[in-house]
There are 2 protein chains.
Amino acid sequence: MKTSAERGREVRRKLLDAAADLIPERGWTAVSTRILAERAGVAPGLVHYHFPSLQALLNEAALDVIGRVVAETGPLLERAETLDDGLEGMLGALDAFTGSDPVSVLFTETYLAAARDEDLRRELTALVTRFRRELAGWLRARGQEAPEETASVLAAALDGMMLHRPLNPELTSAAVAPVLRRLLTRPGGDDRRAGG
Amino acid sequence: MKTSAERGREVRRKLLDAAADLIPERGWTAVSTRILAERAGVAPGLVHYHFPSLQALLNEAALDVIGRVVAETGPLLERAETLDDGLEGMLGALDAFTGSDPVSVLFTETYLAAARDEDLRRELTALVTRFRRELAGWLRARGQEAPEETASVLAAALDGMMLHRPLNPELTSAAVAPVLRRLLTRPGGDDRRAGG
DNA sequence: GATCGACTTGGTCAATCGTCCAAGTAATAG
DNA sequence: CTATTACTTGGACGATTGACCAAGTCGATC
C-alpha cells in the first residue's frame, strides 16, 4: 500500500510526462489542463493542486527533458579522444533526433516559449550555456582554434539541423559530417582534418 | 471612391499583415479570429469571408513573409564576387534578425506549424528547397567543395543561429564569421580562406 | 478510535474559441 | 430604375479554456 505522499509524487510525475508528450504533439499554447489530465490518467483538478499554474507545469516538464539531454552529452564527449571522434559521436547522437520526433520538437517549442516567458528564458539560457561551456572546454582540451566561438556555432548548427531535417531529406549525418568536419581546426595548422 | 473589390483586397491584406504580427507575438496556435480582426481593424466575420479557415489565413501570411525573405537572398548573393564576400553579406543580412524580432520568430513558428499541417509543410519545403538550391548554385559557381551539402549545413546553421541568439549574447556576426569561414573551401585547396 | 493533513474528486465560473449566417450596404451591370 | 454582385456587420452556436473550490478519501499519528 502506497502512502498519500508517494501517490502524490507519482501523479506529479505522470503530469510532467504527459506534458512532455503533448507539447510537441499539439504545440505549447495548445496544451490544456483537461487534455493534460486525461493523458496522464488523473482528474483535471490535480493540475492546479500540484502546480501553481499550467505554464509552470509546462516549463518544468520542458526543462526536465532538455536538462536530461544536456546531461547526457558531457559523458558522450568525454569518451571521444580526438575532435573527429567527438563530432562523429555527436552526429550519431543527433541521428536519434529526426526533427519530427517529440524531443526535437519539444526543444524548438521551448525556445519559442522562452521568448514569451522570462522565467523559462532564464532557466533555458542556463542549460544552453552549460552545454556550450562543456563543448567549448572539450574543444579547447583537444587544441581546437577559437573554442568558444566554435562551440557557439556548432551548438546552433546542431539545433538548426533539427529544425531543417523534416524539410530536407538530404540533411543526413553522413552528408553533413564531411562539411562540419571543416569547422574543426587547430591554430596554425593547414590540414582540414584536425583530429588526427 | 474605391470599388468594393479594392476595399476587399485591402481588408485581405490587412488581415495577413495582422497575422504576421500576431503569430510571433502570441504563438501560432494562440492567434484567434477575434484578436486578428481587432488588430487588423476590421469586423470579426471578415476572417471567414476572405479565408476558408483561420489555419489557411495563418499559412498564407507566414509563407508570404518567408517567401519575401527568400526572394531577397538571391540578388544579395549575386552581388558578391567571392565566397568570403558572400558570407559577409549573408551575415550582414542576418544581423537584422536578432532572434527576438518578429521575422525570426515567425520563421521558427512556421517550421513548427509545418510539423502539424501537411499543406503548410509542402509549401514551406518548396521555399526552403529553393533557397538551398540558389545558395548551392552560387557556391558551386565560385568553386566551393561539395556545394549542396555545404548549402544544407549553412542554411541550417543560419536558422540555428536565429534560434540561439536570444539565449546566447556571444553569438554575434563578428564572433561567428571567422568560424563559418572555415566551412568555405575549394577542392584540393589547403588554405582555409577559399574566397581570395 | 479520534484527529490530522495530504491528496483527490467532480464540478462551477466567466471568458474565449472557430465557424457560420441572416441581414445590411454599396458599387456595378442591364 | 432594377437586379446583381461583392463585401460587410454583428451576433449566435456549441465547445473549450484556466482557474478555483467545497466536499470527500485515506494513510499516518497520537
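Every chain is numbered from 1, with letters handed out A, B, ... down the list of sequences. Bear in mind the structure is a predicted one, so any value in this text is a computation, not a measurement.
Among the atoms of the strands shown, none is found under 4.0 Å from any heavy atom of B:Val47. Residue contacts for A:Ser32: at a heavy-atom cut-off of 4.0 Å it reaches the sugar-phosphate backbone alone, with no base atom in range.
Side-chain nitrogen and oxygen atoms of A:Tyr49 include none within less than 4.0 Å of the OP1 or OP2 phosphate oxygen of C:dT8. Contact annotation: B:His48 side-chain N/O to C:dC20 OP1/OP2 distance is not under 4.0 Å. One finds a side-chain N or O of A:His50 lying less than 4.0 angstrom from the OP1 or OP2 phosphate oxygen of C:dT8.
Nearer to the 5' terminus of DNA chain D, by closest-nucleotide assignment, is the contact made by A:Thr29 (compared with the other of A:Leu46 and A:Thr29). Of the two residues contacting DNA chain C, namely A:Gly45 and B:Arg26, the nearest-nucleotide position lying further toward the 5' end is that of A:Gly45.
Between the side chain of A:Asp101 and the backbone N or O of A:Gly99 there is at least one donor-acceptor pair closer than 3.5 Å. With hydrogens and angles ignored, the 3.5 Å screen pairs no side-chain donor or acceptor of B:Ser100 with any backbone N or O of B:Pro166.
Side chains of B:Asn168 and A:Ser152: a donor on one and an acceptor on the other come within 3.5 Å. Between the side chains of A:Thr172 and A:Arg165, no donor-acceptor pair is found at a separation under 3.5 Å.
Rounded to whole Å, atom P of D:dT16 lies 16 Å from atom CG of A:Leu36. When rounded to the nearest whole Å, the span between CZ of B:Phe51 and P of D:dA6 equals 17 Å. In this structure, the CZ atom of B:Arg9 is 11 Å from the P atom of D:dT8, given to the nearest Å. The nearest whole Å value for the distance from the CD atom in B:Glu10 to the C1' atom in D:dA6 is 15 Å. In this entry the distance linking CG of A:Leu58 with C1' of D:dA19 reads 15 Å, nearest Å. Rounded to an integer number of Å, the gap from B:Arg12 CZ to D:dA6 P is 15 Å. Between the P atom of C:dG18 and the CG atom of B:Leu15 lies a distance of 13 Å, rounded to the nearest Å. Distance, A:Leu22 CG to D:dG18 P: 12 Å, rounded to whole Å.
Between B:Thr29 and B:Gln55, the closest side-chain pair of non-hydrogen atoms is not below 4.5 Å.
Proximity note for A:Leu54 (side chain, C-beta onward) versus C:dT19, C:dT9, D:dA19: the nearest is D:dA19. In the set C:dT9, C:dT8, D:dT8, C:dT8 carries the atom at the smallest distance from any side-chain atom of A:Val11. Closest approach to the A:Arg34 side chain among C:dT9, C:dT12, C:dG18 is made by C:dT12 (side chain taken as heavy atoms from C-beta onward).
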